[in-house]
Amino acid sequence: MDNINFSKEELERYSRHLIIPEFNIEGQRKLKAAKVLVVGTGGLGSPLLLYLTAAGVGNIGILDFDRVDETNLQRQVLFTVDDVGRPKVEAAKERLEKLNPHVNFTTYDVQLTSANALEIIKDYDVVADGTDNFPTRYLVNDACVILGKPNVYASIFRFEGQVSVFNHQFKDGTFGPHYRDLFPTPPPPGLVPSCAEGGVIGVLPGIVGSLQANEVIKVISGVGEPLAGRLFLFDALTFETRTLKLHKDPNTPKIEKLIDYEQFCGIGGDAKEEKKVKEISVQELYDMQVKGEDYQLIDVREPYEYEIANLGGELIPLKMVTSNIDKISSSKKVVVHCRSGARSAQAIEALKRKYGFDNLYNLKGGILAWADEIDQEMAKY
Amino acid sequence: MRISILLFGIAKDIIGSKNLEIEVNEECRVNDLKQEILNQYPGFENLKHLAIAVNNEYARGETSIKPSDEIALIPPVSGG
């Protein structure tokens, strides 16, 4: 640590850290020497990157394969309207360099996979997981366990957040519990919606991602007690918080190598279900409308989604489909749609399996495809 | 005995409430409780993926439950 020095500008910049007795210049040296990888530059990644950069973490890796989208701006405060369409890592780096010129950034405009995870993560001291899907969460966890790196974890859903420090190495050399001690196996695909499917209140990742950034800083500096062996739960709707104690589970299998996480989370199987049902493209549906063909259009989304954008179909939310079969024609062609085509495929599959409907067609790509290909005025959400 | 359970995340959606009261046998372990919830609420057929905390501590299947215990049902969330 002795070779870590600060310029006059840096000393002034970090002065509010330097005068905290238990943090002081030693804590700041550790931050400057540290290498932190932030996986995902979304809702959680935004406050994480902003605060870690502002605080003076010396080396920050930014990993994301996505581009900035209009729907990100409600919560991803790292980006502006001008960034829409740009690669996230590029827009993030540009913004963060303006915030603190004393930080080195490395960007990875790639998807984290079993093939590249160990190679990328091995160069870092701490990983902060702000990803948005189960396969990547298990991948980040397993890679951190294999490499012996702490995984500062947070995740969010609608109004609720979870935070923990997984695989933390204590002073005696032992490691704390990790993600698989808490959730040994992933939920089946479709059970737990992502932010894109289930929604999230915009402020929530700001709160939860800031807590996550604070844990990263504690892990690096060794100041305070990191949230290791504990899971913090926050409900923004009721303002209830609780912190659960976690333990290492002796039944958790030892993680020795990375696996196929898409398969582990059953993602491949879900896509197959979508393929099994008969499909129709948005162009074909449009042609049917123009020709005035006789067909029934059913929308299996929720009423509040119908308010945002609709194709004038009959609204029967997915949960109620099988109790409303009297409303579904069994003689003429029936086109079923939702936002992206996943829920409508589930509805068709259930109707076919339970009631033998054979006249149902899934609208491929749903409302999103319609907005892209047929009606550019339609709102995508 | 009657057990009161706090619900989080998608569990709230499945039950349609943030609390759940359920009648179980006197000798009840976490695994028995899971089975009982599953019997009464088939929507929980994927319950094995949810974590159960007893008195703010993550509990394994063999943990015994008393009526005064605070039980919380915590599903995984993935959003970021």
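The sequence lines fix the lettering, A, B, ..., with proteins before strands; numbering per chain opens at 1.
With a 4.5 angstrom heavy-atom cutoff, A/Leu233 touches chain B only via side-chain atoms. Using a 4.5 Å cut-off between heavy atoms, A/Glu240 contacts chain B through its side chain alone, with no backbone atom that close. Interface remark: A/Pro205 contributes no atoms to any contact with chain B (heavy atom separation under 4.5 Å). Heavy-atom distances place no part of A/Phe159 under 4.5 Å from chain B, backbone and side chain included. Using a 4.5 Å cut-off between heavy atoms, A/Pro186 touches chain B through its backbone atoms (N, CA, C, O) alone. Looking at A/Thr131, the atoms closer than 4.5 Å to chain B (heavy atoms on both sides) all sit in the backbone: N, CA, C or O. Heavy atoms closer than 4.5 Å to chain B are found nowhere in A/Ser46, neither backbone nor side chain. Neither the backbone nor the side chain of B/Asn55 comes within contact range of chain A, judged by heavy atoms closer than 4.5 Å.
B/Leu6 places a side-chain heavy atom less than 4.5 Å from the side chain of B/Asn19. Contact of the A/His178 side chain with the A/Ile255 side chain is registered, since non-hydrogen atoms from C-beta on lie closer than 4.5 Å. A/Asn72 has its side chain out of reach of A/Asp66: every pair of non-hydrogen atoms, C-beta onward, lies at least 4.5 Å apart. B/Ile3 is not listed as a side-chain neighbour of B/Glu36, based on a closest heavy-atom distance of 4.5 Å or more. A/Tyr261 has its side chain out of reach of A/Thr136: every pair of non-hydrogen atoms, C-beta onward, lies at least 4.5 Å apart.
The OH atom of A/Tyr179 sits 12.0 Å away from atom CG of A/Leu246, with the distance rounded to the nearest 0.5 Å. With rounding to the nearest 0.5 Å, the separation of OG1 in A/Thr41 from NZ in A/Lys88 is 4.5 Å. For the atom pair B/Leu20 CG and B/Ile15 CD1, the distance stands at 5.0 Å (nearest 0.5 Å). In this structure, CG in B/Leu73 is found 5.0 Å from CD1 in B/Ile37, a value given to the nearest 0.5 Å. Annotation: the span from A/Thr113 atom OG1 to A/Asp260 atom CG amounts to 10.5 Å, rounded to 0.5 Å.
With respect to chain A, the highest number of heavy-atom pairs below 4.5 Å among B/Gly79, B/Pro75, B/Gly9 belongs to B/Gly79. The candidate with the highest count of non-hydrogen atom pairs below 4.5 Å against chain B, out of A/Asn133, A/Asn251, A/Asp249, is A/Asp249. Contact count against chain B (heavy-atom pairs under 4.5 Å) is highest for A/Thr185 among A/Thr185, A/Thr243, A/Leu231, A/Val200. Top candidate by heavy-atom pairs under 4.5 Å with chain B, chosen from A/Arg75, A/Arg158, A/Gln76, A/Lys245, is A/Lys245. Of the listed residues (A/Pro187, A/Cys195, A/Gly42), the greatest number of heavy-atom pairs within a distance under 4.5 Å of chain B belongs to A/Pro187. Counting heavy-atom pairs closer than 4.5 Å to chain B, the top-ranked of the candidates A/Pro188, A/Gly43, A/Gly40 is A/Pro188.
In summary, A/Asp235 and B/Lys12 engage in a salt bridge, as defined by a charged side-chain N under 4.0 Å from a carboxylate O.
Of the residues listed (A/Tyr138, A/Phe232, A/Phe166), the one engaging A/Tyr153 in a ring-ring contact (aromatic ring centres under 6.0 Å, His included) is A/Phe166, and it is the only one.
Scanning residues 57-72 of chain B against chain A with a 4.5 Å non-hydrogen threshold yields B/Glu57, B/Tyr58, B/Arg60, B/Glu70, sorted by number.
Side chain to side chain, A/Asp181 and A/Thr252 meet the donor-acceptor criterion of an N or O pair below 3.5 Å.
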